[in-house]
Amino acid sequence: MLDYPGKIAAIAWAGGCNFRCPWCYNRDLVLNPEVLPVVREDEILAHLESRRKWLDGLVITGGEPTIHAKLPDFLKKVKELGFSTKLDTNCSTPGVLEELLKKRLVDYVAADIKAPLIDGGYQKAAGLKNGTDVLSAVEKSIELILNSGDVDYEFRTTAVPTVLGKEDFLLIARKLKGAKRYYIQQFNPAKSLLDESYLNVAPYSSGELEEIRRSVSGYFETCKVRG
Ligand code: SF4
């Protein structure tokens, strides 16, 4: 009831990711997906079918779902069953995103923006090597989402104090100016973080998050703190 705004949805986690955000709390899913139980596509479709009375849709999250070549075919099958689909993505694969949007295989996109789009800074926030070409992909994904017509969407950023200063949110907001929804997500130090040193990072207080929200809310139709 939380993951797909306005809908009751099942959630499927796709293993593996092309980012290594140090504060990511899905360590096994990102680094060792093979140790986790696999749920086959036909099992997911049967699960949806059997709960048709209660479920409106399916959220596909990760990891990064768009690195899997079968994603468009899978989402097509979910849509053919009559369910709405929500995709969580790190915006690194605009080619896949464009296909999903064009073919209307997603009804809602939740797009992570890790940091201001500045060379060096973005790679650091995403745990990538310096020089990795990621900015153009994120930029293109933002453009696609902002122009996605009647496909619904949100942008969101996890507020990790050692990664993002308060002024960084202004830079992000300027890039996303005019977007429908922007969520500032609380950072939750958990034992399963990719980089355990982040366990020692104290999250922003709720007052600080509210201050950040106020500073950027004018750029969006809706801007909220989450978590
Ligand atoms: S938080 Fe980063 S590393 Fe974790 S799944 Fe999302 S993009 Fe991948």
Side-chain angles (χ1 to χ4, degrees), residues 1-19 21 24 26 28-114 126 133-134 136-156 176 179-183 185:
M1 293 171 76
L2 293 174
D3 284 75
Y4 194 152
K7 295 196 189 291
I8 297 175
I11 305 177
W13 279 269
C17 187
N18 50 356
F19 282 9
C21 312
C24 174
N26 276 332
D28 276 343
L29 193 66
V30 169
L31 301 179
N32 311 301
E34 64 286 348
V35 305
L36 298 170
V38 172
V39 185
R40 293 191 321 267
E41 176 184 298
D42 59 318
E43 292 176 297
I44 298 175
L45 297 174
H47 177 91
L48 292 173
E49 189 69 82
S50 71
R51 284 158 180 81
R52 178 178 288 286
K53 234 163 118 184
W54 301 282
L55 290 173
D56 303 313
L58 178 72
V59 175
I60 178 118
T61 187
E64 174 53 37
T66 63
I67 62 174
H68 297 279
K70 288 183 176 170
L71 181 69
D73 277 352
F74 171 63
L75 289 173
K76 187 161 180 267
K77 289 175 192 167
V78 176
K79 294 284 296 172
E80 280 168 357
L81 284 181
F83 290 93
S84 299
T85 53
K86 170 177 176 266
L87 170 74
D88 291 351
T89 180
N90 63 15
C91 293
S92 61
T93 55
V96 178
L97 186 61
E98 188 167 24
E99 179 186 354
L100 298 179
L101 292 170
K102 258 193 195 150
K103 294 183 177 169
R104 287 304 309 263
L105 297 176
V106 284
D107 299 293
Y108 193 108
V109 179
D112 281 348
I113 304 300
K114 307 288 180 188
D133 182 16
V134 67
S136 54
V138 176
E139 190 116 28
K140 174 76 182 158
S141 296
I142 292 171
E143 189 191 313
L144 286 167
I145 293 166
L146 286 175
N147 296 299
S148 57
D150 51 1
V151 173
D152 218 347
Y153 66 86
E154 69 183 47
F155 291 101
R156 57 201 193 172
L176 303 177
K180 270 190 215 167
R181 297 185 194 87
Y182 181 60
Y183 291 102
Q185 301 192 140

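In this text, all values refer to a predicted model and were calculated from it rather than measured experimentally. FYI, the numbering just counts along the sequence from 1.
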- Item | Distance (rounded to the nearest 0.5 Å) between Cys91 SG and Ile113 CD1 | 4.0 Å
- Item | Interatomic distance, Lys102 atom NZ to Leu144 atom CG [nearest 0.5 angstrom] | 8.5 Å
- Side chain of Thr85, backbone of Leu105: donor and acceptor closer than 3.5 Å? yes
- What one should report as the nearest heavy-atom pair of Phe83 and Leu55 is CE2-O, 3.5 Å
- Item | Validation row: Trp13, Val39 side chains within 4.5 angstrom (heavy atoms) | no
- Query: Hey, are Asp107 and Lys7 close enough for a salt bridge, meaning a charged N less than 4.0 Å from a carboxylate O?
  - Reply: no
- Check: Lys180 side chain, Asp152 main-chain N or O, donor-acceptor pair, under 3.5 Å: no
- Query: Any side-chain donor paired with an acceptor under 3.5 Å for Ser92 and Glu64?
  - Reply: no
- Message: Before you tell me yes or no, could you show the steps for Asn18 and Asn90 under side-chain contact (heavy atoms from CB on, under 4.5 Å), namely the whole-Å CA-CA distance, both residues' side-chain angles and the distance that decides it to 0.1 Å?
- Response: CA-CA 9 Å; Asn18 50 356; Asn90 63 15; 3.0 Å; yes
- Message: Can you tell me how far apart OH (Tyr182) and CG (Leu176) are? Round to the nearest 0.5 Å.
- Response: 6.5 Å
- Answer yes or no: is there a side-chain heavy-atom contact under 4.5 Å between Leu71 and Leu100? yes
- Query: Which heavy atom of Pro72 sits nearest a heavy atom of Ala69, and at what distance?
  - Reply: CD-O, 3.4 Å
- side-chain contact (heavy atoms from CB on, under 4.5 Å) between Lys140 and Glu143, worked out: CA-CA 5 Å; Lys140 174 76 182 158; Glu143 189 191 313; 4.1 Å; yes
- Message: Using only atom types and a distance under 3.5 Å, with no angle test, would you say the side chain of Thr93 pairs donor to acceptor with the backbone of Val96?
- Response: no
- Can you list every side-chain hydrogen bond (donor to acceptor under 3.5 Å, both in side chains) pair that touches residues 37-46, not counting sequence neighbours? Arg40-Asp42, Glu41-Lys77
- Message: When you compare the side chain of Val106 with that of Leu97, does any pair of heavy atoms fall below 4.5 Å?
- Response: no
- Give the intermediate values and the outcome of side-chain contact (heavy atoms from CB on, under 4.5 Å) for residues Ile60 and Leu75. CA-CA 9 Å; Ile60 178 118; Leu75 289 173; 4.0 Å; yes
- Could you go step by step and tell me if Tyr153 and Tyr108 meet the ring pair (Phe, Tyr, Trp, His ring centres under 6.0 Å) rule? CA-CA 5 Å; Tyr153 66 86; Tyr108 193 108; 7.9 Å; no
- Is a side-chain N or O of Asp88 found less than 3.5 angstrom from the main chain of Val109, in a donor-acceptor match? no
- Apply side-chain contact (heavy atoms from CB on, under 4.5 Å) to the pair Tyr4 and Leu58, showing each step before the final yes or no. CA-CA 8 Å; Tyr4 194 152; Leu58 178 72; over 6 Å; no
- Query: How many angstroms lie between CZ in Arg104 and OG in Ser148, if you round to the nearest 0.5 Å?
  - Reply: 8.5 Å
- Under 3.5 Å, is there a donor-acceptor pair between the side chain of Ser84 and the main chain of Gly57? no
- Min side-chain heavy-atom separation Phe74-His68 under 4.5 Å: no
Report all side-chain donor-acceptor pairs from residues 44-52 shorter than 3.5 Å, counting only partners two or more places apart or in another chain.
| from | atom 1 | to | atom 2 | distance (Å) |
| --- | --- | --- | --- | --- |
| His47 | ND1 | Arg51 | NH1 | 3.3 |
| Glu49 | OE2 | Arg52 | NE | 2.8 |
| Glu49 | OE2 | Arg52 | NH2 | 3.0 |
| Ser50 | OG | Ala46 | O | 3.4 |
| Ser50 | OG | His47 | O | 2.9 |
| Arg52 | NH1 | Leu81 | O | 3.0 |
| Arg52 | NH2 | Leu81 | O | 2.8 |

- Grab the two heavy atoms, one from Leu29 and one from Gly62, that are nearest each other, plus how far apart they are. CD2-C, 3.2 Å
- Taken to the nearest 0.5 Å, the spacing of Asn26 CG from Cys17 SG works out to 9.5 Å
- Check: Asp28 main-chain N/O paired with Asn32 side-chain donor or acceptor under 3.5 Å: no
- Message: Which heavy atom of Arg181 sits nearest to which heavy atom of Tyr183, and what is that distance?
- Response: CD-OH, 3.7 Å
- Item | Salt-bridge criterion met for Arg156 and Asp112 (N-O under 4.0 Å) | yes
